[in-house]
Amino acid sequence: MSLSVNLLATIAIELQSGISHQDRFQRLITTLRQVLRCDASALLRYEQGAFRPLATDGLSPDVPGRRFAIAEHPRLEAIARAGDIVRFPADSALPDPYDGLIPGHEQLKVHACVGLPLFAGQTLIGALTLDGMDPYQFDNFSDEELRLLAVLAAGALNNALLIEQLEHQSPLIAPQRAAATEGSAGEMIGESPPMQELKQAIAIVAPSDLNVLISGETGTGKELVARAIHEGSSRAANPLVYLNCAALPETVAESELFGHVKGAFTGAISNRSGKFEMADNGTLFLDEIGELSLPLQAKLLRVLQYGDIQRVGDDSSLRVNVRVLAATNRDLKTEVVEGRFRADLYHRLSVFPLVVPPLRERAEDTVLLAGFFCEQCRARLGLSRLVLSPGAIAHLRAYRWPGNVRELEHAIHRAAIFARAAQGTPEVVLEAHHFALKTAGRETPVAAPPAGPVAQQNLRAATEAFQRRLIRETLNQHHHNWAASARALETDVANLHRLAKRLGLK
């Protein structure tokens with residue numbers, strides 16, 4: 001069998017057709033899989049030392065969410081360093097990154113593997129990978145025929161990258177990706193309509209200097225949105241300074257924000273810069289902005305209005321140029337109505353509001369995120385393979401994830417540790433029973449009735465025992481986020497801290 005001229009012409013025409021890049025790429029690898037009769041095919045983009053799947057066919061649905069660092073995958077490193085086609089022998093000792101990721105062949109290792117590096121000039125921009133369970137799968141195809149496929153794929157991918165680069169120069173239409181730092185740890189994973197809309201909104205507001213209010217439930221990734229806005233702005237070369245307002249004791253909050261001078265209060269043994277000074281000419285990200293007290297809100301409003309700050313204990317003012325990004329999981333409109341948040345500060349912060357969708361509203365991203373976390377966890381635990389069984393994938397899809405992306409990340413890591421201990425091998429398969437998600441489709445109630453008889457206790461002791469248990473359970477469910485726990489318990493966060501301290505929980 002060989003590749004006909006008509007087939008190559010058909011592929012070339014499809015790659016130039018007026019459909020989206022994603023659809024073109026999907027058509028390409030689907031066609032290749034059918035023509036070459038292979039078990040799996042994938043188009044990968046190379047960036048920052050890793051291959052990112054753009055389109056796959058015949059692979060597990062979590063693969064598009066994975067990021068394959070070439071330093072951790074010898075076969076992909078061999079493809080990246082080769083200047084030509086790489087045909088791996090069937091008995092190659094190099095582990096295949098797709099082992100266990102071809103549905104129906106989870107227990108078998110890939111035998112036939114061909115890698116086609118894709119170049120724009122002398123620059124590596126991606127790769128085509130072709131895999132089969134038959135060790136002689138690609139013997140009938142010549143290197144020259146496969147090179148033609150690589151040329152067509154490289155041209156299509158390079159055109160897509162050039163268009164993306166041009167769009168990034170236009171702040172009105174640029175589809176900005178999140179900053180891929182720490183090996184893509186800061187990347188926003190998701191291709192669902194709500195995530196596409198969010199990325200488009202980020203692209204619009206990032207190049208401006210507007211303040212942004214980022215709303216969303218706990219664990220949805222609001223900090224990633226702030227990072228993406230900063231990286232897409234003209235301030236990207238300057239600091240992005242983070243401050244969690246919920247973790248600020250009232251006694252030091254003003255000093256943390258604005259700094260202090262020596263002798264301003266007991267313990268102020270030297271001058272100290274606040275977060276606004278640190279973020280000068282950069283961006284200040286105020287997480288959990290709804291937890292700031294009303295007096296501090298008034299002082300923050302002044303900075304936003306006039307651009308000057310006053311250190312605690314100092315009579316003079318300092319001018320700062322800071323863009324403020326604020327995040328909250330509260331409904332600040334309701335907080336304003338109920339008098340807990342200043343209306344004028346709310347309007348200053350929410351010039352361009354963004355809402356990060358909860359995971360249950362973008363359920364199709366769950367498997368992509370699971371793949372992303374699986375690859376991260378595999379590298380951290382030193383495993384040669386970490387894959388999700390079909391049953392595990394179905395289990396993850398069925399659960400509603402009240403803790404959102406953060407809960408999913410923790411669930412993957414816990415399951416990997418349990419499975420590694422149970423299976424005793426570096427090739428770990430995650431099954432449904434490794435995930436402690438016993439209420440798939442429903443959120444676990446916050447409170448449970450106290451266990452055991454209470455008749456032997458007096459009323460105060462019984463009440464404190466119940467409060468202690470309820471606070472512990474609520475903190476566990478909200479990943480020890482005190483602000484979120486206070487909202488779940490419908491109490492003030494400061495009161496919750498005081499109660500926890502009195503009950504011996506702090």
Side-chain angles (χ1 to χ4, degrees), residues 39-40 42 53 56-68 95-110 133 189-192 195 217-221 357-446 448 473 476-479:
D39 291 284
T56 66
D57 193 36
L59 291 169
S60 176
D62 65 284
V63 170
R66 294 180 180 246
R67 302 296 178 257
F68 298 104
D96 194 294
Y98 302 142
D99 282 343
L101 294 175
I102 299 179
H105 302 282
E106 287 86 359
Q107 303 306 317
L108 300 176
K109 295 184 181 296
V110 174
M133 309 312 296
I189 304 295
E191 300 299 330
S192 62
M195 282 302 291
E217 296 177 8
T218 299
T220 51
L359 190 51
R360 63 182 174 275
E361 291 181 6
R362 54 184 189 107
E364 57 265 54
D365 291 334
T366 301
V367 177
L368 296 183
L369 286 160
F372 180 80
F373 293 132
C374 275
E375 187 60 25
Q376 276 192 339
C377 192
R378 183 201 61 76
R380 290 178 185 173
L381 297 179
L383 302 174
S384 59
R385 182 174 72 166
L386 181 63
V387 300
L388 292 159
S389 71
I393 290 175
H395 196 54
L396 296 180
R397 281 175 168 159
Y399 189 61
R400 283 182 58 81
W401 301 107
N404 294 297
V405 178
R406 186 181 299 148
E407 183 184 7
L408 174 60
E409 179 182 9
H410 294 166
I412 293 288
H413 287 189
R414 281 195 304 271
I417 292 171
F418 291 146
R420 180 182 63 172
Q423 296 170 13
T425 170
E427 298 184 351
V428 174
V429 179
L430 300 184
E431 303 285 354
H433 66 266
H434 292 130
F435 295 90
L437 309 175
K438 301 184 184 301
T439 54
R442 300 187 306 276
E443 295 185 17
T444 305
V446 170
E473 290 180 354
N476 287 335
Q477 288 175 3
H478 292 85
H479 310 290

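Being a predicted model, the structure only gives us computed values, none of them experimental.
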For this session: Would you please test E427 and D99 for side-chain contact (heavy atoms from CB on, under 4.5 Å) and show each step?
Result: CA-CA 10 Å; E427 298 184 351; D99 282 343; 5.8 Å; no
For this session: Would you sort out whether L369 and L359 count as a side-chain contact (heavy atoms from CB on, under 4.5 Å), showing the intermediate values?
Result: CA-CA 10 Å; L369 286 160; L359 190 51; 3.7 Å; yes
Exercise. Does the side-chain contact (heavy atoms from CB on, under 4.5 Å) test come out yes or no for C374 and I412, once each step is laid out?
Worked result: CA-CA 7 Å; C374 275; I412 293 288; 4.1 Å; yes
Problem set entry | Worked verdict on T220 versus N404 for side chain to side chain donor-acceptor pair (under 3.5 Å) | CA-CA 5 Å; T220 51; N404 294 297; 5.6 Å; no
For this session: I would like to know whether Q423 and H434 meet side-chain contact (heavy atoms from CB on, under 4.5 Å); could you show each step before the answer?
Result: CA-CA 11 Å; Q423 296 170 13; H434 292 130; 3.5 Å; yes
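R378 has a carboxylate O that lies under 4.0 Å from a charged side-chain N of E375, or vice versa, which qualifies the two as a salt bridge.
The backbone N or O of P64 sits nowhere less than 3.5 Å from a side-chain atom of T56 that would complete a donor-acceptor pair. Of the possible donor and acceptor atoms, none in the side chain of R360 sits under 3.5 Å from a partner among the backbone N and O of R400. Side chain of E407 to main chain of G219: no donor-acceptor pair is present (N/O by atom type, distance under 3.5 Å, no hydrogens or angles). Between the side chain of D62 and the backbone N or O of A370 there is no donor-acceptor pair closer than 3.5 Å. Side chain of S389 to backbone of L430: a donor-acceptor contact under 3.5 angstrom is found. Judged by distance alone, the side chain of W401 and the main-chain N or O of L396 form a donor-acceptor pair under 3.5 Å.
A search for ring pair (Phe, Tyr, Trp, His ring centres under 6.0 Å) contacts involving H410 returns H479, not counting sequence neighbours.
Put simply, the side chain of S60 does not reach to within 4.5 Å of the side chain of Y98, judged on heavy atoms. At a threshold of 4.5 Å between non-hydrogen side-chain atoms, the residues I189 and D365 do not count as touching.
Using cut-offs of 30° and 60° for the angle between ring planes, the H413 and F373 rings count as perpendicular.
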